[in-house]
Amino acid sequence: MRLHCGNNMNISKCYNTKPASDGSEGCRAEERPHRAPFGCCGKVKGWLLLSPSGSLRGRVVAATIVWLLVTISFAQAQSGTPTPSPSLVEVARQVQPKIVKLYGTGGVRGLEAYQSGVLISGKGHVLTVWSYVLDADEVTVVLDDGRHFMARLVASDPLLEVAVLKFDVEHEDLPHFELSASGKAIPGERVLAFSNLFGIAVGDEPVSMLHGVVSAIAPLEARRGAFASNYRGNVYVVDAAANNPGAGGGALTDSQGRLLGMLGKELRSNVSGTWLNYALPVDAFESTVQDMLAGRFTPADLTDADRPEHPLSLAALGIVLVPDVLSRTPPYIDRVLPNSAAEAAGLRQDDLLLLIETQVANSCREAHRLVERLDQDATCRVAVLREDQFLEFTLSAASAKMPSRPNTEPPIVPAVDSAPVNGPPPQAGEK
Amino acid sequence: MKSLPRNERMPMPDRRFWMPAHKKQRPRRGTAMFLGQVLSVLLSTATGYSQEPNAAIVAAEKARIQTIERISQPTIAIFSSSGNGGGSGVIISADGYALTNFHVVAPSGAAMKVGLSDGRYVDAVLVGLDPGGDVALIKLLGKKDDFPVAQMGDSDTCRVGQWVYVVGNPFLLAEDFQPTVTYGILSGVRRYQFPAGTLLEYADCLQTDAAINPGNSGGPLFDAAGKLIGINGRGSFEKRGRVNVGVGYAISVNQIKRFVGLLKSGRIVDHGSLGATVANDVDGRVFVDDILETSDAYRRGLRYGDELVEFAGREIGSANAFKNALGTFPAGWRVPIKYRRDGKEYQTEVRLGGVHREGELEAILRGGGEAPDPKRPTPEQPKPRSEPGKPIIPKPDAPGPGEPRLPNGPPRGAAKSKRKPPIPKAVRQYYEAAPGYANYWFNRYHQQRIWNAYLAHGDFAETGWNWKIVAEGADGKGSIVIDLTEKSGSIVMPEGQSGVEFGTSLVDAMAPPRSGGLLAALHLWQRLLLVGPRKFGEVVYLGQLPFKRDGTLADCLQATHSGVEMRFYFDPENSNLVGLELYRSDEEDPCEVTFDDIRTVQGRGLPHRWTIRLGDEVFADMNVKLFEISNANGQASDDKSKTTP
């Protein structure tokens with residue numbers, strides 16, 4: 001038994017064990033020895049937290065607890081000497097090669113141009129969080145051994161905010177996680193967070209590893225500035241400072257190095273305003289990612305799904321973009337209409353639109369499309385790049401005192417600007 | 001029972017049980033009571049769980065408590081004597097030498113107060129500074145030599161995932177000097193954290209997720225066995241405020257071990273520079289892309305375009321790896337390197353130059369301009385603090401993004417224009433200010449200590465200047481005769497003979513050819529023995545530097561006279577003189593003489609095996625057969641003038 005330090009305590013209890021994914025292996029106490037003794041409390045607490053209400057359900061729960069505790073004492077009596085499990089040093093060396101460093105866009109104030117990723121196939125598939133970092137034609141992947149690859153985006157899911165990248169590697173089976181062989185954790189379980197937080201590791205330097213426990217499993221209600229997280233499902237909340245800049249896309253594993261989830265982007269709790277440390281459980285994205293790998297995935301079209309009856313438009317906000325002459329013309333603001341919501345909010349000519357609500361506006365076309373997702377009366381949050389500053393604005397077409405003339409104004413935009421400006425005329429200002 | 005479906009035991013993956021927190025209702029009271037009863041009954045009957053914890057856990061916890069008790073003792077709380085800041089430190093010798101960060105002592109000047117975990121509160125004095133590596137050596141005052149000492153570990157063997165303890169004084173909480181202990185794992189090893197200008201570079205450092213907060217600066221990082229592996233000094237902070245966010249850095253103890261022997265000299269010690277820069281090429285090779293022709297590396301044969309293979313025994317896979325390895329060495333250190341040219345590998349040993357020019361480091365500390373050095377990267381400077389002399393007690397201000405910060409804030413403002421508090425009386429007797437020194441008192445002390453210890457091997461003060469040395473080559477072939485007087489010297493060798501007059505300048509006294517100035521070196525050796533370091537000229541103690549090719553450390557006295565620089569090396573164990581070096585300039589190889597086989601001549605110990613080197617060449621390797629010392633009248637200083645083997 002390894003006891004290099006009191007923290008690495010070994011405890012074998014059936015209640016902490018997990019069956020294999022097919023359930024056939026059952027209780028394997030010897031496989032789950034790295035467990036803090038408070039695992040039990042976490043377990044029971046977790047149950048109570050998660051238990052549905054109602055007396056019938058309450059009884060079911062109670063009965064289950066009774067049964068569980070009997071199981072615990074029984075298993076405890078049975079459990080023999082635990083087999084030594086790999087030390088954290090061994091786990092580190094086993095997991096680190098499966099984590100990659102990603103470099104893409106960013107680098108302006110407050111936006112790091114790097115994040116982390118997890119290898120999920122031996123052929124160069126990388127799972128990561130969907131973010132502005134990936135908004136590049138090619139993203140650089142740096143492996144644990146220092147090799148560089150250019151990766152392209154295979155698919156991304158804006159709802160889950162996950163993305164899969166692929167780089168080409170020949171004749172090689174890279175160390176990777178099998179999503180199907182990933183694990184699940186319960187509150188109180190010891191976990192490890194692997195990521196390139198703060199971009200500390202470069203080249204062939206291995207990524208950082210932090211330790212902690214699962215504090216809770218709870219729905220994600222969080223935001224970054226004005227942008228709320230699209231994902232609202234359950235996440236592992238951990239007590240390690242896992243979600244620092246650049247950590248998004250890293251791996252949360254159990255103490256054996258089995259993948260439990262993916263570290264999310266930096267977000268603040270809606271409730272407390274504090275920065276969250278959390279990871280998306282593999283369950284949440286496994287089927288989506290498997291679809292992505294199989295080429296079956298079609299991202300939910302947020303525009304169509306949510307398209308309001310009376311959509312908002314850039315024109316209604318008072319924004320005229322530069323002529324859309326390329327397949328992906330950067331959405332620079334060419335003009336801000338007088339007395340418009342954009343003017344009132346302080347947008348200026350030559351500002352580059354980066355985000356509209358939570359979505360990346362990577363072209364003029366996309367910018368129009370995203371704005372049209374909003375209702376004409378909705379407030380619209382945009383983020384722009386002005387010189388090297390990242391600025392956020394909230395625009396409200398409804399409240400801007402705007403004469404009903406934008407559509408009657410002679411178009412200064414040349415004919416090549418084919419961007420649709422097809423919303424109804426703004427009704428704000430019309431009294 | 002063994003193959004339970006997972007969902008029955010663990011509801012987590014079953015989405016039916018998952019609902020947002022706000023939609024949840026509390027279980028009814030009756031249910032809660034029922035649950036409570038069931039729990040209490042079952043917990044009391046679940047034998048072996050609540051009553052008899054796992055024996056391994058108990059044992060591990062006991063061991064941990066013992067380790068923490070042990071490592072808490074040498075950990076100290078440091079308070080600035082003006083009372084407006086502080087940090088942590090760790091004692092490394094029973095006579096009270098302790099390590100901390102440069103940025104902890106920078107605002108407090110030469111004197112500070114130290115609290116020990118046993119409740120003692122003592123004065124301490126600054127000894128030496130390594131601003132480049134953010135290390136300071138201090139000495140606890142008080143007559144006792146029973147200070148608790150931290151056991152040194154080996155940071156090169158540290159691995160990611162290892163458990164570690166951070167002990168110290170975060171947020172200056174330790175009113176009773178009982179240190180705070182946090183634990184975690186090593187998150188990274190051999191990390192590199194950019195310096196601020198040329199100061200506070202953390203090369204080859206340890207990264208941990210054990211909480212390191214403001215006030216932990218200067219305190220120890222211990223491994224699970226309680227051995228000192230690093231000195232905590234900085235962390236990555238960002239938008240979450242200046243408190244721990246899971247990323248703290250500690251200076252590797254192996255780096256510090258190299259510096260300690262130099263810091264004891266009271267100097268402001270500079271870091272080493274190879275005099276060459278490297279870059280990665282497209283094939284991933286690391287090649288020399290610039291080299292100073294005046295550097296020792298150039299003289300040892302390193303050239304532009306060569307591939308650097310190894311530095312200090314470490315494989316160099318990238319330019320970063322080189323910078324990481326280099327940053328842990330002091331100026332003047334000798335480091336083996338391996339390089340490749342045209343497919344052939346070469347191995348040599350280079351002497352590192354300094355990162356800063358003479359006086360430059362001191363000027364930076366005084367707050368003067370910092371000349372950018374083309375040899376070193378100069379990443380963005382941290383913004384000077386708006387209020388100079390701001391207390392280093394942490395304030396959660398809003399640092400810039402991604403910028404690694406010192407837990408106690410950059411010291412430059414503090415070091416710059418702060419009026420240092422007056423030095424208390426107890427400390428004043430151990431402090432002496434001098435340009436270039438953190439505390440010249442220690443330099444003087446060690447000069448005297450070394451010289452007095454050497455005198456036990458023989459006092460030459462009353463002997464004469466006339467030396468006759470007859471030797472034969474170590475291979476048994478050829479004889480060498482050296483004659484020295486106060487004014488001149490000559491040497492007769494099988495290759496020929498040569499002589500020199502010792503004038504007011506020895507810069508041109510090169511004789512014999514290809515020795516680098518052996519006769520001048522011997523003359524100055526005589527001078528040291530006859531007049532002693534006080535009257536010799538300008539003598540300083542450099543500290544312990546590697547001497548001989550095997551890296552053995554020796555106490556080095558540096559003495560300047562007649563335009564040349566001499567270095568005298570003394571064995572730290574037996575205080576004997578083990579070698580000389582004569583430098584005519586920084587840009588030329590010194591004449592190196594290594595001594596061995598010390599025998600008694602006229603009651604005084606003198607070396608009988610000499611190896612003389614210039615650069616890579618051995619000029620002579622010889623055994624002394626006859627050593628005669630006499631005064632100007634030709635009379636032996638003693639009856640027995642011959643060597644007594």
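So you know, we letter chains A, B, ... as the sequences are listed, proteins then strands, and number each from 1.
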Using a distance-only test with no angle check, is there a side-chain donor-acceptor pair under 3.5 angstrom linking A:Glu286 and A:Ser182?
no
So which part of B:Ile65 gets closer than 4.5 Å to some heavy atom of chain A, the side chain, the backbone, both or neither?
neither
Counting only non-hydrogen atoms closer than 4.5 Å, does B:Val247 touch chain A with its backbone (N, CA, C, O), its side chain (CB onward), both, or neither?
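For B:Val247, the contact with chain A is made by the side chain alone.
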Short side-chain to backbone donor-acceptor contact, A:Asn244 and B:Val245, under 3.5 Å:
yes
Measure from the side-chain N and O atoms of B:Arg234 to the backbone N and O of B:Leu200, and report whether any donor-acceptor pair falls under 3.5 Å.
yes
Determine the interplanar angle of the B:Tyr183 and A:His211 rings, folded into 0 to 90°, and report it as parallel if under 30°, tilted if 30 to 60°, perpendicular if over 60°.
tilted
Among the listed options B:Gly188, B:Ala63, B:Ser187, the residue most often paired with chain A at heavy-atom distances under 4.5 Å
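Looking at each of B:Gly188, B:Ala63, B:Ser187 in turn, B:Ser187 comes out on top.
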Counting only non-hydrogen atoms closer than 4.5 Å, does A:Val207 touch chain B with its backbone (N, CA, C, O), its side chain (CB onward), both, or neither?
backbone
Which region of A:Ala201, side chain (C-beta onward) or backbone (N, CA, C, O), has a non-hydrogen atom less than 4.5 Å from a non-hydrogen atom of chain B, or is it both or neither?
both
Any salt bridge linking A:Asp144 with A:Arg93? Criterion: basic side-chain nitrogen under 4.0 Å from a carboxylate oxygen.
yes
